[in-house]
Protein chains: 2
Amino acid sequence: MSRSRDAVHEILRRSESFRSAQDIFTEMRSVGAKIGLTTVYRALQALNDDGRVDVLRTDDGEAVYRACASGVHHHHLVCRACGRTVEVAGPDVERWAEAIGAEHGFVEITHTVEVFGTCADCSGPR
Amino acid sequence: MSRSRDAVHEILRRSESFRSAQDIFTEMRSVGAKIGLTTVYRALQALNDDGRVDVLRTDDGEAVYRACASGVHHHHLVCRACGRTVEVAGPDVERWAEAIGAEHGFVEITHTVEVFGTCADCSGPR
DNA sequence: GACAGTTTTGACAACCGTTTTCATTTTCCT
DNA sequence: AGGAAAATGAAAACGGTTGTCAAAACTGTC
Ligand SMILES: [Zn+2]
Ligand SMILES: [Zn+2]
Ligand SMILES: [Zn+2]
Ligand SMILES: [Zn+2]
């Protein structure tokens, strides 16, 4: 798994928002790349397994992917309108999650945190 | 929408973990209730519209529902093994989300936060 | 109670994103 | 070049969810 995996990774690196498999597939086809939808799905899950892309689920259950610049644990601030995404750190949140878990006797704590809003460009000069 | 909506709500109130539509449907049928899967789905989305149940997506995209005791904004600490769920508050997290959004010029901030772990019963006396 | 109008129900089909299958193509190594 | 192994993609299968539509249940009125 290499040729197309890199192609998919490249698409994601060029994008600053989360993208769906179908979305990526359509873009690649529209610029003449000959690739199958199945391969896009496989590339995405390989990239995710390797920790090279982040994935999250939209409200309607679609998986969307992003090649994040940061290799370490972080979260996302996503514009509801244009999808633009900023990677953010939240040391306080990390500590809070651990603490709240411990407080109730839970171990091996993990968490998911996403922040949504409307970015400056999209809320715009009214 | 009433009879079956209440029945579904009741099932959820009796459960302390998040449940899927299929799951609820199977339980209801197994105790002799005559209800259709479609109706369960409709009841769940109605309850959610009314803000009476919380919904979240599992990693594989399935929607799961829970009738939370708290009517106000809160988050969940979920056991990966048995599903047992504790409602938790995180004032620090609320403030952090607002602040991080504002810091990047985003407005109308919302967020999703879920904490996962293994509960005391499930991690058990090794 | 009978009746007409409205709402709810549920079997079934349609949808849609994702995964599996499997035969073909490409890549890699000698 | 030759053969084994990995990658590819078209099409079928899958699983959760939503749409369809005719039948059933509920509503209020005479
Ligand atoms: Zn925006
Ligand atoms: Zn974190
Ligand atoms: Zn547990
Ligand atoms: Zn919150």
Side-chain angles (χ1 to χ4, degrees), chain A residues 1-12 15 17-67 78 80 83 85 112 114, chain B residues 1-12 15 17-67 78 80 83 85 112 114:
Chain A
M1 202 175 293
S2 200
R3 180 63 39 83
S4 49
R5 181 168 68 86
D6 288 345
V8 169
H9 196 195
E10 182 56 25
I11 295 270
L12 282 178
S15 175
S17 56
F18 279 86
R19 309 282 302 272
S20 73
Q22 310 256 13
D23 188 10
I24 293 167
F25 170 69
T26 302
E27 173 176 336
M28 296 182 79
R29 275 295 177 88
S30 76
V31 296
K34 56 177 171 49
I35 190 172
L37 180 56
T38 309
T39 303
V40 174
Y41 275 107
R42 276 192 287 240
L44 287 171
Q45 64 191 38
L47 288 166
N48 184 54
D49 289 349
D50 294 356
R52 278 201 263 276
V53 303
D54 289 356
V55 58
L56 64 84
R57 293 264 173 187
T58 64
D59 283 340
D60 56 303
E62 194 176 23
V64 287
Y65 302 82
R66 184 172 197 270
V78 184
R80 250 185 306 268
T85 298
T112 67
E114 308 292 339
Chain B
M1 201 174 296
S2 199
R3 181 62 40 83
S4 49
R5 182 168 68 84
D6 288 345
V8 170
H9 197 195
E10 183 57 26
I11 294 270
L12 283 177
S15 175
S17 55
F18 279 86
R19 309 283 302 271
S20 73
Q22 308 258 15
D23 188 11
I24 294 167
F25 170 69
T26 302
E27 173 175 336
M28 294 182 80
R29 275 295 177 89
S30 77
V31 295
K34 54 178 172 52
I35 191 172
L37 180 55
T38 309
T39 303
V40 173
Y41 275 107
R42 274 192 291 239
L44 287 170
Q45 65 190 39
L47 288 166
N48 184 55
D49 289 350
D50 294 356
R52 276 201 264 274
V53 302
D54 289 358
V55 59
L56 63 83
R57 292 265 172 186
T58 64
D59 283 341
D60 55 304
E62 193 176 24
V64 287
Y65 303 81
R66 183 170 198 272
V78 184
R80 249 186 306 268
T85 299
T112 66
E114 307 294 338

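Just so we're on the same page: letters track the sequence lines, and every chain starts at 1. Quick note: numbers below take in every heavy atom, side chains included, and nothing from hydrogens, waters or symmetry partners.
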Q. Is there a side chain to side chain contact (heavy atoms under 4.5 Å, CB included) between I24(B) and L44(B) once you walk through the steps?
A. CA-CA 10 Å; I24(B) 294 167; L44(B) 287 170; 4.1 Å; yes
Atom pair distance, as rounded to whole Å: [atom1] in [X] and [atom2] in [N]:
X      : N       : atom1 : atom2 : answer
D6(A)  : dA6(D)  : CG    : C1'   : 15 Å
R5(A)  : dG9(D)  : CZ    : C1'   : 19 Å
E62(B) : dG17(C) : CD    : P     : 18 Å
D59(B) : dT19(C) : CG    : P     : 12 Å
D60(B) : dT20(C) : CG    : C1'   : 16 Å
R19(A) : dG17(C) : CZ    : P     : 15 Å
L44(A) : dG17(C) : CG    : P     : 14 Å

Shorter than 3.5 Å, N or O on both sides, protein versus nucleotides 10-13 of chain D: list them out with atom names.
{"residue": "dA10(D)", "atom": "OP2", "partner": "R29(A)", "partner atom": "NH2", "Å": "3.4"}
{"residue": "dA10(D)", "atom": "N6", "partner": "T38(A)", "partner atom": "OG1", "Å": "3.2"}
{"residue": "dA11(D)", "atom": "N6", "partner": "T38(A)", "partner atom": "OG1", "Å": "3.3"}

Q: Show the numbers, then the answer: is there a side chain to side chain contact (heavy atoms under 4.5 Å, CB included) between V78(A) and R66(A)?
A: CA-CA 12 Å; V78(A) 184; R66(A) 184 172 197 270; over 6 Å; no
Q: Quick one: which residue pairs count as a ring-ring contact (aromatic ring centres under 6.0 Å, His included) with a foot in residues 23-67 of chain A, not counting sequence neighbours?
A: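 Those involving residues 23-67 of chain A do not exist here.
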**Q.** Straight-line distance of R42(B) CZ to D49(B) CG, nearest 0.5 Å
**A.**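 One finds 13.5 Å between CZ of R42(B) and CG of D49(B).
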[N] phosphate, OP1 or OP2: any side-chain N/O from [X] under 4.0 angstrom?
X      : N       : result
T39(B) : dT9(C)  : no
Q45(B) : dT17(D) : no
Y41(A) : dT18(C) : yes

**Q.** Within 6.0 angstrom of D59(B) CG, more than 12 heavy atoms from elsewhere
**A.**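 Check fails, neighbour count at 12 or below.
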Each nucleotide N or O in nucleotides 24-28 of chain D that has a protein N or O under 3.5 Å away: list the pair and distance.
{"residue": "dC26(D)", "atom": "OP1", "partner": "R3(B)", "partner atom": "NH1", "Å": "3.0"}
{"residue": "dC26(D)", "atom": "OP1", "partner": "R3(B)", "partner atom": "NH2", "Å": "3.4"}

